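Everything below concerns the one structure shown next.
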Number of protein chains: 2
Amino acid sequence: MPSLNKTFAALSDPTRFAIVNQLLVDGETSAGSLQQVADMSGPAISRHLKILRNAGVVEQRIDAQRRMYRVRPQAIMAVHNWTISHQEFWQSSVDRLEQVLLAEKERK
Amino acid sequence: MPSLNKTFAALSDPTRFAIVNQLLVDGETSAGSLQQVADMSGPAISRHLKILRNAGVVEQRIDAQRRMYRVRPQAIMAVHNWTISHQEFWQSSVDRLEQVLLAEKERK
DNA sequence: TCATTATTTAACGGTATTGTTAAATACAGT
DNA sequence: ACTGTATTTAACAATACCGTTAAATAATGA
């Protein structure tokens, strides 16, 4: 079970973030098809996938010659849980901000 | 408004993640006090805080000589919203996994 | 086994990141 | 203005990261 900051590190690169979002939307996708999300060589994508794998963000399944990748739900849930564990902090603040904005809107 | 991968980049470093968690738990804290979360020189902490500031994760308030730091709620909410926007994906999968684990538990 | 397709690993160069110490800046009190 | 406290900026070295091309590995089918 990788630590959260490792997950964040995996998601910090724009290419990897795009790959993960692609996988989240389209579901399981081959390494080759993922090349299309970034204008980048195969080896570059392959190494990004390795980093995502090592961080526990994605997992691999072999289908003939192809490597099929998919997001590990627990990885996203771990991020979610972190935000939830501090929800009281940010929720109340954002609510207050929204009320201020709403009040300003009404004054006009 | 910084992009999400920039926020992830800011949170990817263990020291910065520790700083943010500290701020989330203890609330506003001075730069000096934050030195205690990591065995590291003042300048190192200061630059980490700058990175967090540039990523929009924290903000600064001046109190005499001290710089007081606090987390920007919107930053955490942005992360939260991203997980929510894909909740259908990971929620269902995790639910299924939990059901399997529960079923196995009952079989014993 | 040989050829084909799909992907990964290796080696390399350029750039970015991170920590250190020394110097600079900011502010308060005398 | 001068001193002390708090923090940041500058300069430097070590390491990590990212993309490229070339070579290696994996799996399928003739």
Side-chain angles (χ1 to χ4, degrees), chain A residues 2-23 26-72 75, chain B residues 2-23 26-72 75:
Chain A
S3 52
L4 209 42
N5 65 290
K6 263 229 155 194
T7 303
F8 288 138
L11 296 171
S12 69
D13 180 87
T15 301
R16 290 195 292 268
F17 188 56
I19 287 173
V20 169
N21 278 306
Q22 173 89 321
L23 290 176
D26 291 358
E28 202 177 46
T29 306
S30 70
S33 300
L34 287 170
Q35 262 186 258
Q36 293 177 322
V37 312
D39 185 24
M40 211 172 280
S41 68
I45 297 292
S46 179
R47 215 174 21 169
H48 280 304
L49 288 170
K50 189 179 190 174
I51 291 167
L52 287 168
R53 230 184 306 132
N54 289 338
V57 174
V58 304
E59 58 194 347
Q60 203 189 42
R61 181 178 68 86
I62 294 172
D63 169 41
Q65 297 106 325
R66 291 182 308 173
R67 269 77 189 162
M68 306 300 292
Y69 282 91
R70 59 177 175 280
V71 174
R72 289 186 63 235
Chain B
S3 52
L4 206 43
N5 65 290
K6 261 230 159 194
T7 303
F8 288 139
L11 297 171
S12 68
D13 180 88
T15 302
R16 290 195 293 269
F17 188 56
I19 287 173
V20 169
N21 278 306
Q22 174 89 319
L23 290 176
D26 290 358
E28 204 178 47
T29 305
S30 71
S33 300
L34 286 170
Q35 263 185 257
Q36 293 177 321
V37 312
D39 184 24
M40 210 171 283
S41 67
I45 297 291
S46 178
R47 212 168 27 157
H48 279 305
L49 288 169
K50 189 180 192 176
I51 291 167
L52 287 168
R53 230 183 307 130
N54 288 338
V57 175
V58 305
E59 57 193 350
Q60 202 189 44
R61 183 178 67 87
I62 293 173
D63 170 41
Q65 299 105 323
R66 290 181 308 171
R67 268 76 190 163
M68 305 301 289
Y69 284 91
R70 59 177 175 281
V71 174
R72 290 186 61 235

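Chain A is the first sequence line, chain B the second, and so forth, proteins listed ahead of strands; every chain is numbered from 1. Side-chain atoms are counted along with the backbone in the values below, which use heavy atoms only and exclude waters and symmetry mates. These numbers come from a predicted model, not from an experiment.
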May I ask you to evaluate whether A/Tyr69 reaches the phosphate of C/dT8, defined as a side-chain N or O under 4.0 Å from OP1 or OP2?
-> yes
Rounded interatomic separation in angstrom, taking CD1 from A/Ile45 and C1' from C/dT9 | 16 Å
Correct closest heavy-atom pair for A/Arg67 and A/Ala64 would be NH1-O, 4.5 Å
With A/Tyr69, which residues qualify under ring pair (Phe, Tyr, Trp, His ring centres under 6.0 Å), at least two apart?
-> none
Atom-to-atom span, CD of B/Gln60 to C1' of C/dT25 - whole angstrom | 13 Å
Is a donor on one side and an acceptor on the other found under 3.5 Å between the side chain of B/Ser33 and the backbone of B/Ala31?
-> no
Of the nucleotides C/dT9, C/dA6, D/dA26, which one has an atom closest to the side chain of A/Arg67?
-> D/dA26
Rounded to the Å, how far apart are B/Arg61 CZ and D/dA6 P?
-> 16 Å
Using a cut-off of 6.0 Å, state whether more than 12 heavy atoms not belonging to B/Gln60 lie near its atom CD.
-> yes
A/Arg66 CZ to D/dA27 C1', straight-line distance once rounded to whole Å | 12 Å
Write out all pairs satisfying salt bridge (Lys or Arg N to Asp or Glu O under 4.0 Å) with one or both partners inside residues 28-47 of chain A, taking only residues at least two apart or from two chains.
-> A/Glu28-A/Arg61, A/Glu28-A/Arg70
For A/Glu59, does the CD atom have more than 12 heavy-atom neighbours from other residues, nucleotides or ligands under 6.0 Å away?
-> yes
d(CD1, A/Ile62; C1', C/dT8) in whole Å | 12 Å
Length of the line joining A/Ile19:CD1 and C/dT7:C1', which is rounded to integer Å | 14 Å
Which residues share a side chain to side chain contact (heavy atoms under 4.5 Å, CB included) with B/Asn54, sequence neighbours left out | B/Lys50
Rounded distance (Å) that lies between atom P of C/dA16 and atom NZ of B/Lys50 = 16 Å
Give every pair of a protein N or O atom and an N or O atom of nucleotides 28-30 of chain D that lie under 3.5 Å apart, one pair per line with the distance.
none

Nearest-angstrom distance from the residue atom CG of B/Asn54 to C1' of C/dT17 | 14 Å
Atom pairs and distances, side-chain donor-acceptor, residues 7-21 of chain B, under 3.5 Å, sequence neighbours left out:
residue : atom : partner : partner atom : Å
B/Ser12 : OG   : B/Ala9  : O            : 2.7
B/Asp13 : OD2  : B/Thr15 : N            : 2.9
B/Asp13 : OD2  : B/Arg16 : N            : 3.2
B/Arg16 : NE   : B/Ala10 : O            : 2.8
B/Arg16 : NH1  : B/His48 : ND1          : 3.0
B/Arg16 : NH2  : B/Ala9  : O            : 3.3
B/Asn21 : OD1  : A/Trp82 : NE1          : 2.9
B/Asn21 : OD1  : A/His86 : NE2          : 3.4
B/Asn21 : ND2  : B/Phe17 : O            : 3.0

Its contact letters, B for base, S for sugar-phosphate only and - for none at protein heavy atoms under 4.0 Å, make nucleotides 17-24 of chain D read -BBBBB--
Interatomic spacing from CE in A/Met68 to CG in A/Leu23 - rounded to 0.5 Å | 9.5 Å
So what does B/Gln35 hit on the nucleic acid, given a heavy-atom distance under 4.0 Å: a base, only sugar-phosphate, or nothing?
-> nothing
